[in-house]
Amino acid sequence: MGKFTKKIINLPKRLLVEEPLSLYSGLRGMFRHSSKRVGLPPGQAVYTGTQTDIPFNISVFAYTDHELTEHHNISTDELFTLSESHKFLWVNIEGIHHVDKVKEVCDAYAIHPLTMEDILSVEQRPQIDDNEDYLYVAVKMLQFDPKFRKTVSEQVSLVLRKNMVITFQERKGDTFDGVRTRLRSGKGKIRKEGSDYLLYALVDTVVDHYFLVLEKFGDELEEIEERIMLKGQKRDFTMLYELKREMIHVRRAVWPLREVVSKLERDDIKFIRKSTRVYIRDVYDHTIQAIDSVETYRDFISSLGDLYQSVISNKLNEVMKTLTIISAIFIPLTFIAGVYGINFENVPEFGWEYGYAYFWGLIIIVGGITGLIFKIKKWV
Amino acid sequence: MGKFTKKIINLPKRLLVEEPLSLYSGLRGMFRHSSKRVGLPPGQAVYTGTQTDIPFNISVFAYTDHELTEHHNISTDELFTLSESHKFLWVNIEGIHHVDKVKEVCDAYAIHPLTMEDILSVEQRPQIDDNEDYLYVAVKMLQFDPKFRKTVSEQVSLVLRKNMVITFQERKGDTFDGVRTRLRSGKGKIRKEGSDYLLYALVDTVVDHYFLVLEKFGDELEEIEERIMLKGQKRDFTMLYELKREMIHVRRAVWPLREVVSKLERDDIKFIRKSTRVYIRDVYDHTIQAIDSVETYRDFISSLGDLYQSVISNKLNEVMKTLTIISAIFIPLTFIAGVYGINFENVPEFGWEYGYAYFWGLIIIVGGITGLIFKIKKWV
Amino acid sequence: MGKFTKKIINLPKRLLVEEPLSLYSGLRGMFRHSSKRVGLPPGQAVYTGTQTDIPFNISVFAYTDHELTEHHNISTDELFTLSESHKFLWVNIEGIHHVDKVKEVCDAYAIHPLTMEDILSVEQRPQIDDNEDYLYVAVKMLQFDPKFRKTVSEQVSLVLRKNMVITFQERKGDTFDGVRTRLRSGKGKIRKEGSDYLLYALVDTVVDHYFLVLEKFGDELEEIEERIMLKGQKRDFTMLYELKREMIHVRRAVWPLREVVSKLERDDIKFIRKSTRVYIRDVYDHTIQAIDSVETYRDFISSLGDLYQSVISNKLNEVMKTLTIISAIFIPLTFIAGVYGINFENVPEFGWEYGYAYFWGLIIIVGGITGLIFKIKKWV
Amino acid sequence: MGKFTKKIINLPKRLLVEEPLSLYSGLRGMFRHSSKRVGLPPGQAVYTGTQTDIPFNISVFAYTDHELTEHHNISTDELFTLSESHKFLWVNIEGIHHVDKVKEVCDAYAIHPLTMEDILSVEQRPQIDDNEDYLYVAVKMLQFDPKFRKTVSEQVSLVLRKNMVITFQERKGDTFDGVRTRLRSGKGKIRKEGSDYLLYALVDTVVDHYFLVLEKFGDELEEIEERIMLKGQKRDFTMLYELKREMIHVRRAVWPLREVVSKLERDDIKFIRKSTRVYIRDVYDHTIQAIDSVETYRDFISSLGDLYQSVISNKLNEVMKTLTIISAIFIPLTFIAGVYGINFENVPEFGWEYGYAYFWGLIIIVGGITGLIFKIKKWV
Amino acid sequence: MGKFTKKIINLPKRLLVEEPLSLYSGLRGMFRHSSKRVGLPPGQAVYTGTQTDIPFNISVFAYTDHELTEHHNISTDELFTLSESHKFLWVNIEGIHHVDKVKEVCDAYAIHPLTMEDILSVEQRPQIDDNEDYLYVAVKMLQFDPKFRKTVSEQVSLVLRKNMVITFQERKGDTFDGVRTRLRSGKGKIRKEGSDYLLYALVDTVVDHYFLVLEKFGDELEEIEERIMLKGQKRDFTMLYELKREMIHVRRAVWPLREVVSKLERDDIKFIRKSTRVYIRDVYDHTIQAIDSVETYRDFISSLGDLYQSVISNKLNEVMKTLTIISAIFIPLTFIAGVYGINFENVPEFGWEYGYAYFWGLIIIVGGITGLIFKIKKWV
């Protein structure tokens with residue numbers, strides 16, 4: 001029973017619990033997209049994710065430099081009314097599995113069916129699409145779930161139109177709360193600058209969250225390092241493996257982002273003003289730093305794997321040395337004892353007066369010599 | 001006997017069955033092409049595949065925006081009659097091992113002998129060839145055969161001429177059924193747009209099928225991961241190896257496709273109209289995603305291989321520890337028993353009243369000390 | 001003795017025979033070139049190969065579209081006479097270790113001393129040199145020697161002048177027989193098109209032969225794969241290693257060829273007409289395919305190496321498990337037997353009526369418990 | 001107890017001491033930046049490092065070709081007064097955790113808030129930023145701490161304005177003492193040339209220090225190599241691992257520097273005069289050499305890891321061979337002794353006159369044969 | 001003692017001798033440069049090598065097409081007199097640790113202090129520097145020292161001025177003897193062509209020597225391969241490791257040379273005439289070939305490492321199999337013997353008439369069955 005429990009502990013945590021959210025879709029989920037879409041014409045509204053119990057919610061921040069109004073949980077019709085009347089709008093849409101409503105919004109703002117398909121296909125790579133009428137950016141929001149010790153990934157789609165940013169999220173999240181606070185306080189440039197600056201602020205928030213996840217990974221790696229150096233148990237390698245696996249997913253989110261942000265910074269994107277580009281450059285630097293860190297971690301994980309292997313090899317050597325020393329000492333002695341257990345007649349030693357003492361002397365001498373040899377060979 | 005059976009089970013399934021289709025031609029087949037062709041002048045009609053029992057079949061979808069006629073199993077002469085009279089034609093040819101008929105079709109539509117050679121050489125890399133009179137695209141169709149758990153690969157050649165797409169397949173397949181349905185229903189753009197849009201739809205279907213295959217791989221990988229974490233048997237590594245092997249083949253199909261689709265998207269291909277290019281861009285994104293997934297899987301397979309090795313090392317350590325503990329405990333005890341089996345005269349212990357109790361006391365003390373040492377060293 | 005024979009069998013075949021041809025010069029030979037040439041001024045006529053017993057032989061195919069004359073084993077003077085009088089000439093020279101005659105030919109056709117040095121330095125990388133008066137191409141001809149199971153490599157130098165191709169071979173070979181047959185038959189384009197087409201046909205033949213070699217490798221790999229999966233003997237890894245080694249050599253021949261053929265295809269080479277370039281493009285595609293296959297094989301060999309390691313690890317585990325099980329069962333039993341072999345007086349069990357039965361009972365119970373533990377732990 | 005002590009010794013030194021300086025921030029520290037900054041608007045003055053007990057210190061070297069005045073520990077107001085009155089100024093600021101004062105300085109010299117953020121975010125990658133009014137360069141200063149055998153990394157920010165260089169350091173350091181000496185002595189070009197030359201001299205000093213660190217690594221590697229070749233203990237691999245880890249950090253500092261210096265050398269940076277560029281080119285060469293060395297070390301560390309593994313494998317083989325030889329010799333002998341310890345009646349050997357001699361003869365013959373077999377098999 | 005001697009033999013030769021020349025400076029030496037130079041201003045004359053007992057020696061070859069005068073061991077003043085009066089000069093300077101004299105020469109020929117620094121910093125990467133007045137090339141001369149089986153590396157600096165080549169060597173060497181002989185004989189182009197041709201000839205000689213070193217490596221690799229295949233001893237891997245290490249150093253010399261020679265060949269270097277460029281192209285090809293060989297060797301060394309590991313694994317398996325077979329056969333037999341050594345009363349077998357025969361029968365049957373099982377499992 002004890003054994004069984006131990007095995008369970010060795011299992012990755014991920015396998016032990018009913019996951020309440022299947023945002024982290026694992027390897028299977030990487031292609032949910034396509035299996036749902038195979039054979040369909042392009043531009044169809046099909047949600048490929050798993051978040052089907054999130055209520056649809058539109059919230060709008062309408063603001064100018066000196067005023068801000070918030071609208072929560074409004075209908076699409078209300079939304080369209082608002083659009084016309086304000087200087088800058090940030091429309092945040094949660095629960096994109098309500099495909100009809102998403103379609104309604106997309107149609108209202110002249111978003112191309114292929115873009116809408118991308119918004120709903122939540123297992124895509126980060127991408128950027130510079131259309132005539134709007135700029136489409138898809139990024140991956142990563143969060144570390146401390147309960148199950150794994151990374152949760154969510155696709156966030158951002159559409160930048162003239163004086164308007166629309167964000168599409170799968171579920172209700174507090175990720176952008178920092179931006180909301182800055183909007184409400186009206187400090188800094190966020191309300192003074194245009195919608196492109198808001199886009200920058202949102203993407204920047206996403207990239208900043210990567211560092212939170214990476215920091216957690218750093219903590220775990222340091223912990224694993226110490227554990228391996230002290231003991232090197234099977235469990236440590238399993239943890240290392242899981243980290244490697246999570247890292248593969250983070251990598252998939254971060255690498256393509258570099259290209260996306262790099263394109264954002266280019267001259268030829270008309271929706272980004274020159275004054276905003278210096279901030280985009282800042283996000284770019286952060287992205288490079290995130291990539292750099294991911295690669296450093298990969299290097300480090302691989303080194304730790306080697307260290308673990310060497311620890312295990314050394315342990316095996318230790319175990320085998322112990323066995324060999326014990327065997328080498330006692331097997332000859334047992335042989336000697338066996339010799340004097342023979343039942344031959346006329347064994348002269350049996351009749352000696354100090355035969356028993358002679359026997360123990362022999363045992364001690366032979367045992368001592370064997371021990372000495374190991375001492376000389378530095379085995380003990 | 002039981003042992004023998006077990007070994008058979010450990011064999012890859014691929015080795016156990018007579019494969020009914022040799023589409024998956026393995027390593028040997030990768031060069032069937034050349035060994036059949038060595039010494040021949042270029043442009044010869046030689047089929048290099050293995051599908052020689054498929055009946056030759058021409059089916060034609062002739063359509064305009066508001067009407068569609070289907071012609072199945074027609075002769076080449078009928079085909080040539082049809083060609084003149086319709087707006088858009090999709091000619092699907094199955095059973096290309098009938099080289100004479102393929103030659104007839106190629107000659108009729110002014111397809112260059114080198115292109116015809118490529119159509120018949122079914123072990124080629126995906127490629128694109130932009131000729132004066134037509135555009136030639138060769139792609140690999142992949143399908144997962146659940147019965148033998150392996151990937152089946154088939155070359156599909158597409159020729160795009162003015163208002164006409166000709167597809168060449170080795171065998172009868174239902175791959176393009178989705179496109180057929182869309183053609184028949186007349187919904188969407190497929191009948192309104194020209195032949196370049198049809199080409200896009202067909203290539204898109206091929207890429208979509210990659211995701212189905214990759215999804216199966218994802219399932220298998222997750223299963224193998226769980227198995228290795230729980231037990232780590234020889235069989236798991238064999239499965240992993242086979243997956244790796246399949247992945248090598250998928251990689252060979254997907255990577256060159258990127259270049260092919262990227263060329264399709266370029267400005268200078270006159271057979272692709274600008275309005276279709278936005279869809280090609282979509283296929284390109286999917287191809288990148290497929291490549292990304294293949295590379296992620298490779299990473300993952302390699303990590304799993306390391307995990308397996310560490311599981312095996314740990315198991316060896318466990319086994320050796322068990323052996324060492326048992327040996328270390330019982331070898332000294334056996335020695336003691338051996339000592340008191342000697343036949344010397346005058347062994348004082350033999351005469352003691354509680355000699356036997358003393359003997360057992362000794363055994364228990366020595367055994368206890370050894371056990372204690374292992375306890376302290378945390379071996380048990 | 002038996003052991004010795006077995007060891008011999010495990011040796012690579014290469015080490016067991018006196019190689020009749022030292023064309024395959026191994027690692028040592030890779031630098032014969034330089035050691036023979038160090039300190040010499042450039043442009044010296046020094047043959048660096050090992051084929052010194054091949055008779056010098058000039059054979060000429062002189063042809064126009066409607067006629068062909070063959071001249072075999074002619075002198076250099078006869079050759080120079082022929083050169084003037086025909087439309088197209090193919091001069092094939094075998095036995096280039098006759099450096100004086102090679103020099104004579106080179107001088108007669110205004111071939112630069114540095115080019116001549118390259119022709120004679122047979123351990124060079126494939127290269128192309130576009131001179132004022134001629135085009136120089138050096139490629140590696142590979143052949144699989146089934147007797148010794150190894151790849152034989154020979155440098156073939158091609159010089160393309162106006163209406164003339166000169167080929168230099170180290171030894172007498174039948175490699176170009178396919179081209180000769182096509183020349184004689186007069187079918188196809190080979191006699192109609194110019195000397196650049198002949199150059200294409202010859203290079204194409206060389207590339208085609210790579211596929212024959214790769215096909216053999218494919219066969220061997222499949223065989224090794226099956227062997228490793230079934231048993232995983234030391235010998236299998238040695239075979240794999242040898243294949244890897246051969247592959248290193250094939251790689252050295254194929255990779256630089258890509259660059260050579262790619263340059264051939266370029267616009268600025270005046271000796272290649274535009275009409276021929278479409279065929280060169282075909283050779284280029286084949287070269288890419290060969291490279292692709294070499295890399296696939298390397299991947300595959302590396303995977304097989306991992307598989308082998310895992311098979312060996314599993315075998316070690318099996319062996320150790322067997323040892324541990326046997327030891328764990330019998331060592332305690334032997335201890336019990338040892339206990340009742342003691343010669344103490346007053347051992348109560350000795351006097352019991354069913355003492356012997358009790359003894360066996362004890363043995364069976366202890367043995368049974370040990371066996372049961374292994375059963376529970378799923379070791380047996 | 002002895003065991004416990006030994007384990008402690010095997011631990012990396014890093015884990016045993018309370019680090020007095022946390023400059024080397026490890027993996028955890030790599031993202032301190034972001035966790036402190038998440039949700040903040042850009043351009044905020046937040047120090048992300050750990051050096052909070054360093055007093056703020058401004059020291060100024062004001063110099064022309066023929067005179068030099070030094071000002072230490074002056075206030076910001078004094079600084080601003082100085083700025084106007086001299087030809088060239090080098091302002092060195094220590095203790096950047098005093099963010100208010102840093103802000104004051106930045107504002108006074110029109111340094112953009114984003115640049116100030118970079119100055120204070122001490123975990124950034126080396127970077128260069130060419131602004132309208134100044135040139136910003138951030139590099140990593142590395143030093144080897146002999147006490148804890150690890151690398152200490154500090155960010156140094158350099159701002160080059162017209163006739164002025166401002167350097168920002170986290171803590172008080174003697175790194176630039178060489179430059180100070182050259183300034184004071186007035187020899188060489190350092191006072192004659194402008195501020196761009198001073199910038200060069202400072203960056204050059206930073207790069208030179210890399211070689212000191214790398215030299216230490218070289219010493220350690222040579223030591224580890226000798227140790228592994230002689231014995232190959234667990235400890236050696238731990239040392240190797242730590243070196244690898246340090247190397248990962250050095251790599252992160254050196255690689256991006258190449259790009260930084262390369263940009264410095266370009267034509268379009270207006271703050272660098274052409275005459276200074278030849279010196280920058282020199283720094284560039286040194287940077288390349290440092291990168292080259294880092295990569296060489298990585299190669300070398302990886303080779304040493306392989307060597308270690310092979311040493312360990314060989315040791316295991318030795319141990320197992322010893323065990324096998326002892327077991328193989330004594331187990332049969334013990335069996336023979338056991339045979340003659342049986343208590344059957346009528347064992348004829350027991351009655352033989354020379355039974356005991358026969359017994360020993362048997363033992364010697366069997367033992368000798370076993371020994372001989374090992375001799376023949378070259379195991380001993 | 002015997003053991004101790006064996007260990008010494010296993011040590012790399014490098015560790016056993018007092019090296020008479022420390023040209024091969026190992027890892028430690030890679031940064032001697034910087035540690036000697038840290039804090040110094042640029043352009044200082046500091047020799048960073050170890051050859052401090054070589055006498056300073058200037059030798060001059062002054063030549064035109066039809067005459068040649070040699071001057072050995074002349075003073076710097078004599079040198080400057082010579083410079084004016086001849087058509088072409090080759091000045092060879094040995095013993096550059098005499099920094100004052102090197103400085104004198106550099107000043108006389110207007111060589112920039114930074115170039116002089118490079119001449120004296122002998123641990124630099126190969127480089128080329130195209131100045132206004134001269135062309136500076138630094139290359140690594142490699143030689144294989146057969147006595148200590150290691151590569152000796154020396155920096156050779158070449159300065160090409162109008163009609164003049166100056167070479168700087170650390171020590172007296174015979175490397176350029178081939179060039180001297182060609183100069184003396186006056187054959188070939190060497191005296192007819194200008195100083196750029198001489199530069200070519202010298203660099204060509206350096207590259208040619210690489211092949212001699214690589215040839216030695218090839219010999220060693222083939223020897224190691226045969227040894228590993230036959231036996232696979234610890235020593236073989238140590239040899240392999242040392243070769244790998246040497247290869248790392250060769251790589252550092254060869255790779256940057258490619259860039260150097262490639263730049264030499266470019267149009268914009270005014271000191272190289274167009275007619276010489278065709279020869280430089282030849283050196284370039286040789287450099288590529290050297291790089292190709294180095295990479296091939298690396299591949300090969302890595303494959304040999306894998307082979308070695310597999311040989312060692314197989315040996316361990318063999319050893320363990322032997323142990324297991326012996327144990328599995330004799331442990332049960334010893335148990336049986338132990339059983340009949342018990343001292344119970346009433347053991348029926350003891351009284352049987354053929355008890356002893358029954359005992360041996362039992363032994364033979366049990367031993368035979370065990371042997372048979374191993375036979376069936378193909379362990380023996």
Side-chain angles (χ1 to χ4, degrees), chain C residues 7 10-12 15 26-35 37-43 112 114 117 124-125 127 234 237-238 241 244-245 248 252 256 305 308-309 312-313 315-316 319-320 322-323 326-327 330-331 333-334 337-338 340-343 347 349-353 355-356 359 363, chain E residues 177-179 181-182 187-190 201 204-205 208-212 214-215 218-219 221-222 226 229-230 278-279 282 285-286 288-289 292-293 296-297 299-300 303 306-307 309-311 313-314 316-317 320-321 323-324 327-328 331-332 334-335 338-339 341-348 379:
Chain C
K7 263 193 186 155
N10 283 348
L11 273 180
L15 297 175
L27 290 165
R28 249 181 272 255
M30 273 167 60
F31 309 106
R32 198 180 301 121
H33 160 65
S34 25
S35 51
R37 296 198 63 87
V38 168
L40 289 183
H112 193 280
L114 281 178
E117 186 187 325
Q124 301 207 96
R125 302 176 82 224
Q127 58 170 291
K234 185 185 165 185
F237 194 84
T238 310
Y241 165 76
K244 210 164 166 181
R245 187 192 156 133
I248 289 174
R252 293 188 80 214
Y308 178 82
Q309 284 303 342
I312 292 298
S313 297
K315 276 168 89 174
L316 184 60
V319 169
M320 295 318 300
T322 309
L323 175 60
I326 290 167
S327 302
F330 282 100
I331 286 178
L333 301 186
T334 305
Y340 292 108
I342 53 175
N343 292 318
V347 176
E349 292 95 324
F350 290 169
W352 291 357
E353 195 175 347
Y356 187 48
F359 170 75
I363 292 291
Chain E
D177 278 358
V179 177
T181 309
R182 277 156 64 192
K187 276 186 239 158
K189 294 181 150 188
I190 198 158
D204 191 43
T205 303
D208 272 359
H209 274 80
Y210 291 170
F211 290 99
L212 289 179
L214 287 169
E215 197 181 23
D219 288 356
L221 271 176
E222 295 236 330
E226 285 178 32
M229 282 203 170
L230 275 164
V278 60
Y279 294 98
D282 204 51
D285 284 348
H286 291 174
I288 293 293
Q289 200 170 341
D292 186 48
S293 305
T296 303
Y297 278 1
D299 252 34
F300 193 61
S303 301
D306 291 351
L307 182 67
Q309 286 301 343
S310 97
V311 166
S313 297
N314 273 294
L316 184 60
N317 270 14
M320 296 316 300
K321 237 176 181 169
L323 175 61
T324 303
S327 303
I331 286 179
T334 304
F335 165 68
V339 164
I342 54 175
N343 292 319
F344 282 91
E345 287 167 25
N346 306 322
V347 176
W379 281 34

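In what follows, chains are A, B, ... by sequence order, proteins preceding strands, each numbered from 1. Bear in mind the structure is a predicted one, so any value in this text is a computation, not a measurement.
- Rounding to the nearest 0.5 Å gives a distance of 4.5 Å between CD1 of Ile312(C) and CG of Asn314(E).
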Exercise. Decide side-chain contact (heavy atoms from CB on, under 4.5 Å) for Tyr279(E) and Leu114(C); before the verdict, give the C-alpha distance in whole Å, the side-chain angles of both, and the deciding distance to 0.1 Å.
Key: CA-CA 8 Å; Tyr279(E) 294 98; Leu114(C) 281 178; 3.9 Å; yes
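- For the residue pair Thr296(E) / Arg252(C), a side-chain donor-acceptor distance below 3.5 Å is found, with atom types taken as modelled.
- Using a 4.5 Å cut-off between heavy atoms, Asp177(E) does not touch chain C at all.
- Comment: Asp285(E) does not engage Arg125(C) in a salt bridge, judged by the lack of any side-chain N to carboxylate O separation of less than 4.0 angstrom.
- Ile363(C) touches chain E through its side chain: at least one heavy atom from C-beta onward sits under 4.5 Å away, while N, CA, C and O do not.
- For Leu333(C), the parts sitting under 4.5 Å from any heavy atom of chain E are the backbone and the side chain alike.
- Between Tyr308(C) atom OH and Ser310(E) atom OG the span is 5.0 Å, to the nearest 0.5 Å.
- From Leu316(C), atom CG reaches atom NZ of Lys321(E) across 10.5 Å, with rounding to the nearest 0.5 Å.
- Applying the ring-ring contact (aromatic ring centres under 6.0 Å, His included) rule to Tyr210(E) yields no partners; only residues at least two apart in sequence or on another chain are considered.
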Self-check item: Residues Leu307(E), Phe237(C); criterion side-chain contact (heavy atoms from CB on, under 4.5 Å); working and verdict
Solution: CA-CA 7 Å; Leu307(E) 182 67; Phe237(C) 194 84; 3.8 Å; yes
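- With chain C as the partner, the residue from Ile190(E), Thr181(E), Leu323(E), Thr324(E) showing the most heavy-atom pairs under 4.5 Å is Thr324(E).
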Exercise. I would like to know whether Lys244(C) and Asp306(E) meet salt bridge (Lys or Arg N to Asp or Glu O under 4.0 Å); could you show each step before the answer?
Key: CA-CA 11 Å; Lys244(C) 210 164 166 181; Asp306(E) 291 351; 3.2 Å; yes
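- Interface remark: Ala201(E) contributes no atoms to any contact with chain C (heavy atom separation under 4.5 Å).
- Contact tally against chain C (heavy-atom pairs below 4.5 Å) for Ile342(E), Asp282(E), Ile288(E): the top residue is Ile342(E).
- Your options are Thr322(C), Ile248(C), Ile326(C), and the one with the most heavy-atom pairs under 4.5 Å with chain E is Ile248(C).
- For Gly338(E) against Ala337(C), the heavy-atom pair with the smallest separation is C-CB, 3.6 Å.
- Only the side chain of Gln309(C) comes within contact range of chain E, judged by heavy atoms closer than 4.5 Å.
- Between Phe350(C) and Phe344(E), a ring centre-to-centre spacing shorter than 6.0 Å is recorded.
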Exercise. Start with the C-alpha distance between Phe359(C) and Val339(E), add both sets of side-chain angles, then the distance that settles side-chain contact (heavy atoms from CB on, under 4.5 Å), and finish with yes or no.
Key: CA-CA 9 Å; Phe359(C) 170 75; Val339(E) 164; 3.8 Å; yes
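- Of the inter-residue distances, the one linking Asn317(E) atom CG with Met320(C) atom CE reads 10.0 Å to the nearest 0.5 angstrom.
- In terms of the side-chain contact (heavy atoms from CB on, under 4.5 Å) criterion, residue partners of Ile331(C) (sequence neighbours excluded) are, by chain and number, Ser327(B), Phe330(B), Ser327(C).
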